[in-house]
Amino acid sequence: MSRFLVIFCVMLLTSKGLVAQKVIARQGRIAFFSHTPVENIKAENNQVLSIIDLSTNRIAVSMLMNAFVFEKALMREHFNESYVESDIYPKAVFEGDILDFDSSFVGEQTRIIKGKFTLHGVTQEMEIKAKINYTEGKYELEGNLEAVVENYQIKIPALLAGNIAKVILVDFRFEYELYEE
Amino acid sequence: MQVTRDDRPRVSIALDSLGEYFKTVGKAGALLPDEIVEVEGQIKEINALNGRNTIVLKGTTNRSPYIICDMQVGVEKELSLLKQNDTVTIKGIYKGLLKDVIILNCIVTNPIPQ
């Protein structure tokens with residue numbers, strides 16, 4: 001009986017240890033797309049950081065605004081200097097919870113991530129639908145969302161108002177590996 | 001902006017001080033975003049995640065912060081000659097620090113590609 005108890009305790013500790021793990025994506029990708037009749041603007045950032053705590057289903061995402069790569073240097077300059085003011089607000093950050101996420105489920109699950117996104121010094125509540133795939137010990141998370149420019153107090157000069165969409169389409173994709181702090 | 005071999009880096013960081021540099025000096029703001037930096041490090045991994053050629057460097061210890069170097073287009077041949085644990089010097093544009101240091105438009109300056 002006591003042997004049984006020891007084995008049970010070891011199993012319990014081991015499983016708890018696994019659940020308590022964190023995973024990290026150091027090279028996550030976030031891309032955005034602005035479509036207007038005047039021009040299309042797209043940019044991507046391939047060094048977005050994200051950490052998921054598998055014991056609490058908390059997720060955090062952080063990115064450097066000046067690491068977005070544009071097709072044209074002038075677009076990048078306007079984005080950093082005039083719109084997101086990356087010298088004053090160098091990072092955008094999301095923190096939230098993956099609702100009803102079963103981190104032990106092998107395969108794909110679609111979940112809502114609810115949290116707060118801070119961009120340009122403005123924090124907005126956000127709910128994002130994301131696909132999470134867990135295979136061969138690795139998690140992948142991907143999805144998209146729409147961001148309303150004026151919600152983040154990003155001022156577009158009247159002269160350029162026709163060049164920037166009021167709603168920006170955002171895609172994201174992360175591949176996670178075990179995080180050893 | 002493209003980085004060339006002739007560009008003079010604002011800061012050069014050697015392998016033995018790589019791990020500590022960005023924990024102290026870099027965070028204090030001595031190195032500003034968009035400045036050219038040259039770093040010597042050991043290759044932790046080479047990957048093509050998101051279709052981007054990337055070299056991840058480490059210092060003398062295998063600990064964060066690592067240096068994530070997003071390579072400039074056209075360096076595929078140079079990359080094919082490199083492997084894990086090689087010591088290389090890379091020059092690029094410093095973007096900032098999250099958990100790791102992010103450098104874009106990177107080129108390998110040592111060993112000199114043949």
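Chain letters run A, B, ... following the sequence lines, proteins first and then strands; every chain starts at 1.
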### Query
Among the clusters formed by ILVMFWY side chains lying less than 4.5 Å apart, do A:F68 and A:I156 turn up in the same one?
yes
#### Entry: Exercise: identify the closest heavy-atom pair between A:Q47 and B:L98
O-CD1, 3.6 Å
### Contact check, side chains of A:R29 and B:R52, non-hydrogen atoms, under 4.5 Å
no
### Message
Given heavy-atom pairs under 4.5 angstrom as the criterion, report whether the side chain, backbone, both or neither of B:N105 touches chain A.
### Response
neither
### Message
Treating B:K95 as the side-chain partner and A:N66 as the backbone partner, does any N or O pair qualify as donor plus acceptor under 3.5 Å?
### Response
yes
### Message
Do B:L79 and B:V88 sit in one hydrophobic cluster, given that two such residues count as connected whenever their side-chain heavy atoms are within less than 4.5 Å of each other, even indirectly?
### Response
yes
### Message
Hydrophobic cluster membership, with links at side-chain heavy-atom distances under 4.5 Å among I/L/V/M/F/W/Y: are A:F117 and A:F79 in one?
### Response
yes
### Query
What is the distance from atom CG of A:L64 to atom CG of B:L97, rounded to the nearest 0.5 Å?
8.0 Å
### Message
So for A:F70, is it side chain, backbone, both, or neither that comes closer than 4.5 Å to the heavy atoms of chain B?
### Response
neither
### Message
If you count every heavy atom of other residues, nucleotides or ligands that lies below 6.0 Å from A:I88 atom CD1, does the total exceed 12?
### Response
yes
### Query
If two hydrophobic side chains count as joined below 4.5 Å and joins carry through other members, does B:V11 share a cluster with B:V39?
yes
#### Entry: Gap between atom CZ of A:R26 and atom OG1 of B:T54 - 0.5 Å precision
13.5 Å
#### Entry: Heavy-atom closest contact (B:L49 atom, A:E175 atom, distance)
CD1-OE1, 3.4 Å
### Message
We want to know whether A:Q27 and B:N50 form a side-chain donor-acceptor pair, criterion being a heavy-atom distance below 3.5 angstrom.
### Response
no
#### Entry: Heavy-atom pairs under 4.5 Å with chain B, option from A:S62, A:G28, A:A73 with the top count
A:S62
### A:V167 with A:V170, same ILVMFWY side-chain cluster at under 4.5 Å
no
### Message
Just verifying a value: how many Å separate A:N45 CG and B:I102 CD1, rounded to the nearest 0.5 Å?
### Response
7.0 Å
### Task
First locate atom CD1 of B:I68, then atom CG of A:N46, and finally report the distance between them rounded to the nearest 0.5 Å.
10.5 Å
### Message
Does atom NZ (B:K99) have a neighbourhood of more than 12 heavy atoms from anything else shown, all under 6.0 Å?
### Response
no
### Task
Can you tell which part of A:E180 gets under 4.5 Å to a heavy atom of chain B, answering side chain, backbone, both or neither?
neither
